[in-house]
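Reviewing the structure listed below.
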Amino acid sequence: MVGYLYIVATPIGNLGDITRRAINILEQVDLIAAEDTRHSKILLDYLGIDNKIIAYHEHNEEKVTPQLIEKLINKESIALISDAGTPLINDPGYRLVVAAHENNIDVIPIPGASAVIAGLSASGLPCSKFIFEGYLPAKAVSRRKYLKTLILESRTLIFYESPHRILDSINDICSIFGSSRYVTIARELTKKHEQIIRDTLLSIKSKIETGAIRIRGEFVVILEGNHDDLILDSEILRINKILAEKVSHKDAVLLTAKITGKKKNEIYRLAHKNDSIE
Ligand code: SAM
């Protein structure tokens, strides 16, 4: 017999989202391993739980994992929590869970909030097949390069994003995936200033620029996957350019609209934007 390792989800904002089962486990385990003990103390105090707590984060996991495994082997039970949401989902814990499995220790999930699922469920985009990409690369060149590898992905794509990179990322996503693709911004989920806005990439970009979507708090970006009738801006421009070599600009736009199903003013806007870049 060994102890159990519980992976306990905690709220992503609204403290009311803790589950009854999570409270029971946090009360009953021998030890709580938390990403940030001070942060988790706020939740534990709110729940009236006064249990032993130690720090388990990316900077000490190599050292602490064997110590926790030893306790589990000695039949102590441990609950792993992160600052918010489900541990391991872009949070520490992977090394511990692997080590637990390798030592035949039962790993028991206590499900609850996670921003990826909360955002997706309210996104108004297909939810039956999706791909979670976590954070995009921070550097612009790597981010664009990475995004290009996802152009043909047909599943709904989900990204986590920070407030100081949201506009740059949306700009890149817009120029790579085409301005007419749908995207949902899920900001400050479960919190006072929660905002869930679904629109085309172009409109979302302008809503961020004008402040209709505030660059504050935490973001989940949910992007429509590729489907056959989604035509890229670059493809629209290519068609328009070929036609403009043979017919007047006005007729080229008219024909491009017929071929692609896009609105004429959208094609004018794209062509104009492209001219000003060239
Ligand atoms: N483990 C967490 C989970 O299950 O969602 C995710 C942790 S990750 C370090 C933090 C990121 O999750 C944030 O930068 C943001 O992209 C997203 N996130 C967390 N809470 C959120 C919320 N209330 N609203 C929107 N996004 C949130």
Side-chain angles (χ1 to χ4, degrees), residues 5-19 21-22 25-26 32-40 42-43 46 55-61 79-97 107-125 127 130-139 143 146-147 150 156-170 172-173 183-199 204 207-208 212-223:
L5 174 62
Y6 296 96
I7 309 299
V8 182
T10 58
I12 54 170
N14 188 323
L15 295 183
D17 289 336
I18 188 85
T19 68
R21 193 166 168 229
I25 294 293
L26 292 172
I32 298 170
E35 184 181 5
D36 178 339
T37 52
R38 272 198 306 184
H39 182 96
S40 292
I42 299 169
L43 174 70
Y46 166 81
Y56 185 82
H57 45 69
E58 56 175 338
H59 305 294
N60 74 356
E61 57 180 348
L80 176 72
I81 56 175
S82 62
D83 286 355
T86 303
L88 279 90
I89 308 302
N90 276 90
D91 269 338
Y94 178 65
R95 196 186 282 261
L96 180 61
V97 170
V107 181
I108 301 174
I110 309 295
S114 188
V116 52
I117 298 299
L120 176 67
S121 66
S123 69
L125 293 171
C127 297
F130 61 89
I131 167 168
F132 174 52
E133 285 288 334
Y135 290 101
L136 283 166
K139 295 217 170 88
R143 182 169 58 235
Y146 189 73
L147 284 170
L150 298 171
T156 300
L157 300 110
I158 309 170
F159 306 96
Y160 279 169
E161 199 45 278
S162 67
H164 58 276
R165 274 203 289 273
I166 186 75
L167 186 55
D168 288 345
S169 287
I170 289 294
D172 288 344
I173 293 172
V183 68
T184 300
I185 297 289
R187 186 176 85 86
E188 294 290 80
L189 287 162
T190 77
K191 302 185 198 175
K192 189 174 170 203
H193 298 290
E194 180 177 76
Q195 217 179 4
I196 301 168
I197 314 265
R198 176 187 184 273
D199 211 329
I204 290 289
K207 282 177 180 149
I208 297 175
I213 296 175
R214 293 188 70 189
I215 307 184
R216 222 180 234 193
E218 303 191 277
F219 291 83
V220 184
V221 176
I222 305 122
L223 178 66

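Whatever order the structure lists them in is the order used to number ligands and atoms, beginning at 1. Note: hydrogens, waters and symmetry copies are ignored here, and every other heavy atom, side chains too, is used.
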Applying a heavy-atom cut-off of 4.0 Å, say which part of [X] lies close to ligand 1: side chain, backbone, both or neither.
{"X": "Tyr135", "answer": "side chain"}
{"X": "Glu161", "answer": "backbone"}
{"X": "Ala186", "answer": "backbone"}
{"X": "Pro87", "answer": "neither"}

Nearest protein heavy-atom contact for [atom]: which residue, which atom, what distance?
{"atom": "atom 21 (C) of ligand 1", "result": "Glu218 OE1, 3.5 Å"}
{"atom": "atom 6 (C) of ligand 1", "result": "Ile89 O, 3.4 Å"}
{"atom": "atom 7 (C) of ligand 1", "result": "Asp91 OD2, 3.4 Å"}
{"atom": "atom 18 (N) of ligand 1", "result": "Ala115 CB, 3.4 Å"}
{"atom": "atom 4 (O) of ligand 1", "result": "Ser114 OG, 2.7 Å"}
{"atom": "atom 26 (N) of ligand 1", "result": "Val220 CG2, 3.4 Å"}

Return yes if a side-chain donor-acceptor contact under 3.5 Å exists between Thr190 and Asn14, otherwise no.
-> no
Any chance the side chains of Glu133 and Tyr146 put a donor and an acceptor closer than 3.5 Å?
-> yes
Okay, side chain of [X], backbone of [Y]: is any donor-acceptor separation there less than 3.5 Å?
{"X": "Arg198", "Y": "Gly124", "value": "yes"}
{"X": "Ser114", "Y": "Ile117", "value": "no"}
{"X": "Asn60", "Y": "His57", "value": "yes"}

Would you mind finding which of Thr10, Leu189, Val221 brings a heavy atom closest to atom 22 (C) of ligand 1?
-> Leu189
Whether over 12 other heavy atoms sit under 6.0 Å from Tyr94 OH | no
Consider every N or O of [X] and every N or O of ligand 1, then say whether any pair is closer than 3.5 Å.
{"X": "Phe219", "answer": "yes"}
{"X": "Arg187", "answer": "no"}
{"X": "Gly13", "answer": "no"}

Side-chain heavy-atom pair Leu88, Val97 within 4.5 angstrom cut-off | yes
So do the side chains of Val220 and Leu189 get within less than 4.5 Å of each other, counting heavy atoms only?
-> yes
Any Ala84 heavy atom less than 4.0 Å to ligand 1 = yes
With a 4.0 Å cut-off on heavy atoms, does Thr190 reach ligand 1?
-> no
Option passing side-chain contact (heavy atoms from CB on, under 4.5 Å) with Val8 (candidates Ile32, Ile81, Leu80, Thr86) | Ile81
Any chance the rings of Tyr160 and Phe132 have centres within less than 6.0 Å?
-> yes
Assess whether salt bridge (Lys or Arg N to Asp or Glu O under 4.0 Å) is satisfied between Glu188 and Arg214, documenting all intermediate values.
-> CA-CA 10 Å; Glu188 294 290 80; Arg214 293 188 70 189; over 6 Å; no
With a cut-off of 4.0 Å, which atoms of ligand 1 are near a heavy atom of [X]?
{"X": "Thr86", "value": "1 (N), 3 (C), 4 (O)"}
{"X": "Lys191", "value": "23 (N)"}
{"X": "Asn90", "value": "7 (C), 8 (S), 9 (C)"}

